[in-house]
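What follows is a single structure, written as structure tokens, with notes after it.
We name chains A, B, ... by the order of the sequence lines, and we start the count at 1 in each one. Quantities reported herein were computed from a predicted structural model and do not represent experimental measurements.
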Amino acid sequence: MNTLRVLYFARLRERFGMAEETLEFSGATAADLVATLHARGGAWAEELGGSRTFRVAVNQDVVALDTPLPERAEVALFPPVTGG
Amino acid sequence: MNTLRVLYFARLRERFGMAEETLEFSGATAADLVATLHARGGAWAEELGGSRTFRVAVNQDVVALDTPLPERAEVALFPPVTGG
Amino acid sequence: MKILVQGDAFDLGAEVDAMRHGRTDIGAIASFVGLARDMNEGSGVAAMTLEHYPGMTENALGKVVDDACARWPLLDVTVIHRVGRLLPGDPIVLVAVASSHRGEAFAACEFIMDYLKTRAPFWKREETPEGARWVEARASDEDAAARWLAD
Amino acid sequence: MKILVQGDAFDLGAEVDAMRHGRTDIGAIASFVGLARDMNEGSGVAAMTLEHYPGMTENALGKVVDDACARWPLLDVTVIHRVGRLLPGDPIVLVAVASSHRGEAFAACEFIMDYLKTRAPFWKREETPEGARWVEARASDEDAAARWLAD
């Protein structure tokens, strides 16, 4: 099992009702983590089900969904950025 | 006769040894004025003889040499600008 | 190089003066200030709150600045981005770029803004008469960043 | 709109603050400061003197700003150009452009600088170890201005 720190920002933080959680994860890739979260249903299924756009960062770099998650990775899910 | 106020700037002012003169002019165009000044010889011939680039402004607008000179025009001769 | 994420206002004049202080090799400083507007997407905006991802934000801004320095011979770069609650008229972001010549300074300043808009993890939440809403990312910002890839 | 030709130094921060003061419709202010460098064309420059054509200078700058306002929806423009003797490191010219969106502000600011360089009657005389010399116009400045014609 891989112990991940998972962070949520902006709309996802609000919709999921949490900014951060620690997760025991048995999958391999970012896509596996998204599938695990999606299976929680409700806002998780709505936001991660494909109709809304989101980004995944692993250890503070935005990555593609097929990226493997390193041990004890910091994973963040968030909407496309809107700064500046 | 047309009474012109003729101004010289930058390198032309230095080479001609004057910033301004009043000139009784019998020609029609900016080219005629340049020919008149060129005929003075020396620095006038060198600067206005075609090997050096210069600009002519009539009443504060840069013009082509075939532009007619209005009555009592303010005519300025100067090198290409180098501000900013 | 100076990269800051802060709640406080910044001082454009002081930042540009700090860049040029004691130097005689800078010929051009291009700068940009982005401000909170009272209108967006057809609605009045009473205030906005900027959220960010501490740590990743500074890393992402650092990479954008590094990319700019790899493309152009820059003498100095300053990027300051505010977070927290801001009112219409408040400055949000400052980018200043010093170079020997103006073309490089303008290009790098616009490049940094375009990439900051698409790569740095900031999110805007606007307070409007219809309630609060998260600002949606614009396709035009993706387009603005993508045009640098063709160069 | 504000166009000034002056001997005194200008204050970038104060000029940009004056543009945005009391307004909430400006989203972007792009600005540029050109500075006197200690080197040009391979020679050290100890000082420079800027000469201009009073009257025509203000008219020419006004036309450049009008052209920019005709091309882009600008909210405000400030142009300040210094004349007289300047030392390396001294600011020479300031252009600041306010608009709703950044693309217009950047484009107009660069456009104004490019046309100012080729249309406004200023001339630089540099003091170098080899003596004083008038700066020659650059073909690259003509090219920079000409590229706006293709748009």
Side-chain angles (χ1 to χ4, degrees), chain A residues 2-23 25 29-30 33-34 37 42-65 67-84, chain C residues 5 32-37 40-41 48-64 79-84 86 91-95 109-126 131-142 144-145:
Chain A
N2 184 356
T3 305
L4 303 176
R5 185 170 170 231
V6 188
L7 311 179
Y8 308 105
F9 290 98
R11 188 187 71 238
L12 299 192
R13 176 180 52 71
E14 282 195 348
R15 298 240 38 226
F16 299 162
M18 68 174 78
E20 175 172 350
E21 63 181 314
T22 301
L23 231 150
F25 176 63
T29 66
L33 174 63
V34 170
L37 299 173
W44 301 89
E46 285 166 32
E47 292 290 343
L48 307 177
S51 65
R52 314 265 343 220
T53 310
F54 63 93
R55 304 272 183 262
V56 181
V58 174
N59 293 334
Q60 305 192 348
D61 274 319
V62 171
V63 298
L65 282 175
T67 303
L69 300 181
E71 284 297 308
R72 314 191 65 79
E74 176 179 300
V75 183
L77 276 68
F78 47 75
V81 305
T82 56
Chain C
V5 179
F32 179 82
V33 174
L35 303 127
R37 295 170 64 214
N40 189 30
E41 305 283 335
M48 68 162 63
T49 303
L50 270 147
E51 178 173 333
H52 79 123
Y53 181 173
M56 181 174 164
T57 315
E58 292 80 356
N59 289 344
L61 293 175
K63 278 179 209 159
V64 171
V79 177
I80 305 178
H81 202 297
R82 294 175 72 186
V83 290
L86 299 174
I92 302 170
V93 59
L94 161 70
V95 175
C109 190
E110 192 164 15
F111 171 94
I112 290 169
M113 272 307 302
D114 286 347
Y115 273 92
L116 181 157
K117 282 261 182 189
T118 55
R119 291 208 194 155
F122 295 99
W123 299 274
K124 283 179 186 155
R125 190 169 185 274
E126 293 177 336
R133 66 180 181 200
W134 290 98
V135 175
E136 297 281 331
R138 292 166 179 272
S140 61
D141 284 330
E142 288 290 340

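Between A:V81 and C:A137, the shortest heavy-atom contact is O-CB, 3.9 Å.
Between C:M56 and A:F78, some side-chain heavy-atom pair lies under the 4.5 Å cut-off.
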Write out all chain A-chain C donor-acceptor pairs shorter than 3.5 Å, or none if the list is empty.
from: A:A10; atom 1: N; to: C:E51; atom 2: OE2; distance (Å): 2.8
from: A:R13; atom 1: NE; to: C:E51; atom 2: OE1; distance (Å): 3.3
from: A:R13; atom 1: NE; to: C:E51; atom 2: OE2; distance (Å): 3.0
from: A:R13; atom 1: NH2; to: C:E51; atom 2: OE1; distance (Å): 2.4
from: A:E14; atom 1: OE1; to: C:W134; atom 2: NE1; distance (Å): 3.0
from: A:E14; atom 1: OE2; to: C:R125; atom 2: NE; distance (Å): 2.9
from: A:E14; atom 1: OE2; to: C:R125; atom 2: NH2; distance (Å): 3.3
from: A:R52; atom 1: NH2; to: C:E136; atom 2: OE2; distance (Å): 3.4
from: A:Q60; atom 1: OE1; to: C:M56; atom 2: N; distance (Å): 3.2
from: A:Q60; atom 1: OE1; to: C:N59; atom 2: ND2; distance (Å): 2.7
from: A:D61; atom 1: OD1; to: C:K63; atom 2: NZ; distance (Å): 2.2
from: A:E74; atom 1: OE2; to: C:Y53; atom 2: OH; distance (Å): 2.5
from: A:P79; atom 1: O; to: C:W123; atom 2: NE1; distance (Å): 2.9
from: A:T82; atom 1: N; to: C:F122; atom 2: O; distance (Å): 2.8
from: A:T82; atom 1: OG1; to: C:K124; atom 2: N; distance (Å): 3.0
from: A:G83; atom 1: N; to: C:F122; atom 2: O; distance (Å): 3.4
from: A:G83; atom 1: O; to: C:K117; atom 2: NZ; distance (Å): 3.4
from: A:G84; atom 1: N; to: C:H81; atom 2: NE2; distance (Å): 2.8
from: A:G84; atom 1: O; to: C:K117; atom 2: NZ; distance (Å): 3.1

